[in-house]
Amino acid sequence: MAIPRIAVTMGDPAGVGPEIIAKAALRLKDRIEAGELALVVTGSGHRLAAACAGLGIAQPFAAVSADTPREALPPCALVEVGPDASAIEPGKVSAVAGESAYQAIAAGVRMAMGGLVDAICTAPINKEALNLAGHHYSGHTELLADLTAARNSVMMLAHGNMRVSHVCTHVALRDVPKRLTPERLRQVVELTADALNRLGIARPRIGIAALNPHAGENGLFGREDIDITAPTVEDLRRAGHDVTGPVPGDTIFVKLRAGQFDAVVAMYHDQGHIPVKLLGFSVDPTTGEWQALSGVNVTLGLPIIRTSVDHGTAFDIAGKGIASEQSLLEAIDYAVQLAQGSDRTAPSP
């Protein structure tokens, strides 16, 4: 494929998005200059310039329009979108910042759908600000599904060999059992297997987490694992997938970390997020403060490739120049791997 070109959406400009983008671009400078990678940032040019100034680095992005032909895009490009962000204060929730975040995402999606970029990588948004701006979504996953007209999408978190997809995410716990259907479980497994294929794993081993403690204990703690998960796993095996489950949630992630699986399908948000984030956070043992977060959020089932940082807007440290760019760097690399994998596995014309 041509040089992989990734659109990086700024997210909420009052959060750490602008500064981690600036830091990541600096870290990626040699690869960009060597022609190994190209970036297009969508969002507020004012906030990006302010972040670069605060860090004492030159602003490397050249302003272009959103409809600039791919071959005319510079290696580091900036597509200015959204309302005037000059009055936005770091760390403050506002409708203006929410609208800026929405417009940045929408622009990135349009560029990806139009083939101007190979993938999008998103900086974090603030859900309150997004809703204040009139965009009523519970998160990136739901917003991206709407923008791309995708009927079914899946969230996968990744940290090293810890890859975890989710049957459902932003729903109340009381609603989780009704979201577990044979159709949904089959879809999550198939999308996860496809993503692993694109990452170079030819025959992925996928573990299916149980919904209930001890996988229901023969019906004592619920029958979902017995009546829904177990027969669906058998159907998937007959279809050629290497799947195991249901495996109790208190042991399946140990097995994943030990390399017995290439990925795990979790039933709900916290079941999958807690083990990945526990391993991904780097904490200072002296102060108890977290220093960095490693990990990537990938949305499967979209007509475009989308990866993201695995952390929030961090309003408490926004604008201070101390936010870590590590998760963004990993998300960009994941986007490149998936884009190159899609190119390799695409059917011949």
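Quick caveat: nothing in here was measured; it's all calculated off a predicted structure.
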Side-chain donor/acceptor of N131 to backbone N/O of K127, under 3.5 Å | yes

Please tell me if the side chains of P275 and L278 come closer than 4.5 Å, counting only heavy atoms from C-beta onward.
-> no

Could you grab the distance from atom CD1 of I208 to atom CE of M267, nearest 0.5 Å is fine?
-> 6.5 Å

Test side chain to side chain contact (heavy atoms under 4.5 Å, CB included) on V176 and E224 and set out the steps.
-> CA-CA 11 Å; V176 170; E224 291 87 355; over 6 Å; no

Main-chain N/O of A104 paired with T42 side-chain donor or acceptor, under 3.5 Å = yes

Determine, step by step, whether L279 and R257 satisfy the side chain to side chain contact (heavy atoms under 4.5 Å, CB included) criterion, reporting the C-alpha distance in whole Å, the side-chain angles of both residues, the deciding distance to 0.1 Å, and the verdict.
-> CA-CA 10 Å; L279 293 173; R257 191 179 185 191; 3.6 Å; yes

If you measure from the Lys or Arg side-chain nitrogens to the Asp or Glu carboxylate oxygens, is any gap between R47 and D12 under 4.0 Å?
-> no

In this structure, which one of L256, L157, L199 forms a side-chain contact (heavy atoms from CB on, under 4.5 Å) with R163?
-> L199

Any idea which heavy atoms bring L48 and P18 closest together, and the distance?
-> CD1-O, 3.8 Å

From CA spacing to verdict: side chain to side chain contact (heavy atoms under 4.5 Å, CB included), V64, L78 = CA-CA 6 Å; V64 298; L78 167 67; over 6 Å; no

Could you tell me whether R179 atom CZ has more than 12 heavy atoms of other residues or ligands within 6.0 Å of it?
-> no

With a 4.5 Å heavy-atom cut-off, do R306 and N297 have their side chains touching?
-> yes

Give a yes or no on whether a salt bridge exists between R186 and E183, defined as a side-chain N under 4.0 angstrom from a carboxylate O.
-> no

For the pair K23 (side chain) and A323 (backbone), establish whether a donor and an acceptor sit closer than 3.5 Å, ignoring hydrogens and angles.
-> yes

Donor-acceptor pair, R184 side chain versus V167 backbone, under 3.5 Å?
-> yes

Taking all non-hydrogen atoms of both residues, which atom of E19 and which atom of K320 are closest, and how far apart?
-> OE1-N, 4.0 Å

Is there a donor-acceptor contact under 3.5 Å from the side chain of T192 to the main chain of V188?
-> yes

Any donor-acceptor pair under 3.5 Å linking the side chain of H273 with the backbone of H269?
-> yes

Which heavy atom in D225 sits nearest to a heavy atom in A210, and how many Å separate them?
-> OD1-CA, 3.2 Å

Using a strict 4.0 Å threshold on nitrogen-to-oxygen distance, state whether D242 and R205 make a salt bridge.
-> no

